[in-house]
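Step one of this worksheet: look at the structure below.
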Amino acid sequence: MFRIAPKKFIPADEKAEVKRLYDNYFHQMKSLRHYFFEQSLEQAESGEVAQMKHRLEEEEHIRLMEENRLENEKTAKLREEKLKIQAEKTRENILASLINKEEETRQYEIQIEAFLEKQKATPFIQAENIEKAIEEALANPVDFNFAIDLDGYVYRGRETAIEKIPEEERERLRSN
Amino acid sequence: MASAIPTFTKIGKVIRLNKHGCTNRPFYHIVVQKVKRKCYISHMKISITLKKKYYTRDNFDGPVIEQVGSYDAMPNSQHEKLVAVNFERVQYWLAQGAGMSNPVAQLLGLSGFLPNHPQTLIQSWKNRREPPRERKLQPIKGIAPPLDNPKI
């Protein structure tokens, strides 16, 4: 019914022998694997494949450097042309701005002169004209007083009475 | 286990025998193959030890990377079992850290590339000890000496 598999009996000395064999084997295998590994490393450095790879890489490197150099030259040329154009532009800009500046200063000077002349033209009262001016002022008193009607008629002067002015002169509407 | 030489980590590759051929005619390719871990059926609420024993999906090992030899298990007309091995590539893969299955290790030991596997020695003395078993087929007489080893 319930079959129990019979356990194999192995004598102790045989077991010991087997263990010894396996220990030796694994030891040897481990050392062999390490030896192979080191061999592979040496091969990688100095083997034919490695040399070929090295040579190909060098060639590739030289080719790429050459390409790079040519590209650099091209771009240098382009850059120089661009810089020339830019230099021209900036020079023109500067000239234009200088010319503008000159124009402006000239205009400004003209304006200043006009202004000065205007100021000089206005009747300033100098030291010689004082007495004359005083006499004139005393002789012609200016009356700024005025009154406004609801209809918009202006009556100037302090002493003017409303009834004394005729209707024609009375009408002075607001002038805008 | 302290030792002066550091141990190799496992790269997922193994040199083993892959069985090809047809019915009643086995033929093995010695092959370097990528090994996938066993995947357990994860949704079952059972301890992992039981799962490892009973509830694993098929071990779909990875693709064969390289064939490194062949082993013909059926003896030919000269009573030879032919084995071919590419030692250079085997050395390369061992240097990379590939594992080896027992039969492959035994074959390489017999060939002289690696030290003799203990299994060969154990098997040999067991063969010598036990009496020969009865055979249905007659031994074929040819160039090689007739088989008197019962275990082959």
Side-chain angles (χ1 to χ4, degrees), chain A residues 1-69 71, chain B residues 1-16 30 32 53 65-66 68-69 85-130 151:
Chain A
M1 262 265 274
F2 299 106
R3 196 172 69 86
I4 300 165
K7 192 163 183 182
K8 283 189 193 167
F9 172 71
I10 303 166
D13 55 348
E14 199 170 313
K15 268 193 192 169
E17 181 64 20
V18 164
K19 185 172 182 336
R20 188 189 69 87
L21 285 171
Y22 270 106
D23 285 344
N24 286 356
Y25 179 75
F26 288 136
H27 203 75
Q28 286 173 331
M29 279 306 296
K30 198 173 188 179
S31 66
L32 265 176
R33 276 180 194 273
H34 278 285
Y35 175 69
F36 289 152
F37 179 64
E38 270 148 41
Q39 284 286 303
S40 75
L41 289 178
E42 277 177 36
Q43 275 263 306
E45 302 285 301
S46 64
E48 302 140 11
V49 179
Q51 281 173 356
M52 206 168 73
K53 264 193 201 173
H54 195 63
R55 195 159 38 83
L56 285 170
E57 266 187 43
E58 269 193 47
E59 284 173 15
E60 187 79 14
H61 184 72
I62 291 163
R63 189 176 64 81
L64 289 169
M65 290 301 279
E66 202 39 52
E67 257 190 65
N68 193 31
R69 197 176 59 81
E71 276 292 318
Chain B
M1 192 165 84
S3 58
I5 310 170
T7 48
F8 272 100
T9 49
K10 289 184 187 173
I11 63 169
K13 279 139 200 153
V14 140
I15 306 173
R16 49 149 77 129
I30 304 174
V32 179
K53 211 170 176 189
I65 295 166
E66 191 183 345
V68 157
V85 181
N86 186 349
F87 289 121
E88 211 184 294
R89 293 306 292 166
V90 166
Q91 187 174 341
Y92 167 77
W93 281 113
L94 288 177
Q96 296 286 304
M100 273 199 302
S101 68
N102 266 338
V104 170
Q106 285 186 49
L107 281 174
L108 290 174
L110 285 170
S111 69
F113 182 66
L114 295 177
N116 272 322
H117 195 99
Q119 194 61 35
T120 42
L121 301 171
I122 291 160
Q123 199 63 41
S124 63
W125 83 54
K126 281 187 182 168
N127 292 343
R128 270 179 260 130
R129 226 190 282 154
E130 286 176 14
K151 289 291 180 179

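These values consider heavy atoms only, across backbone and side chains, with no hydrogens, waters or symmetry-generated copies. Just so it is clear: chains get the letters A, B, ... in the order the sequence lines come, proteins before strands, and each one is counted from 1. Note that the structure is predicted; figures quoted are calculated from it, not measured.
The aromatic rings of Phe36(A) and Phe113(B) sit parallel to each other, their planes meeting at less than 30°, with 60° as the upper class boundary.
Using a 4.5 Å cut-off between heavy atoms, Glu38(A) does not touch chain B at all.
Scanning all heavy atoms of the two residues, the minimum distance from Tyr25(A) to Pro115(B) falls at CE1-O, 3.4 Å.
Counting heavy atoms from C-beta outward, Leu32(A) and Leu114(B) have side chains that approach closer than 4.5 Å. Residues Ser40(A) and Tyr92(B) form no side-chain contact, since every pair of their non-hydrogen atoms from C-beta on lies 4.5 Å or further apart.
When the shell of 6.0 Å around OH of Tyr22(A) is examined, it contains more than 12 heavy atoms from other residues, nucleotides or ligands. No more than 12 heavy atoms of other residues, nucleotides or ligands sit less than 6.0 Å from atom CD of Glu88(B).
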Next item on the list: Output, in order, the C-alpha distance, side-chain angles, deciding distance and verdict of side-chain contact (heavy atoms from CB on, under 4.5 Å) for Leu21(A) and Leu121(B).
Entry: CA-CA 9 Å; Leu21(A) 285 171; Leu121(B) 301 171; 3.6 Å; yes

* Report the C-alpha separation of Glu14(A) and Trp125(B) in whole Å, then their side-chain angles, then the decisive distance to 0.1 Å, and conclude whether the side-chain contact (heavy atoms from CB on, under 4.5 Å) test is met. => CA-CA 11 Å; Glu14(A) 199 170 313; Trp125(B) 83 54; 3.6 Å; yes

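Here CD of Gln39(A) is found 13.0 Å from CG of Leu94(B). Values are rounded to the nearest 0.5 Å. Separating the CZ atom in Phe37(A) from the CD atom in Gln91(B) is a distance of 13.0 Å, to the nearest 0.5 Å.
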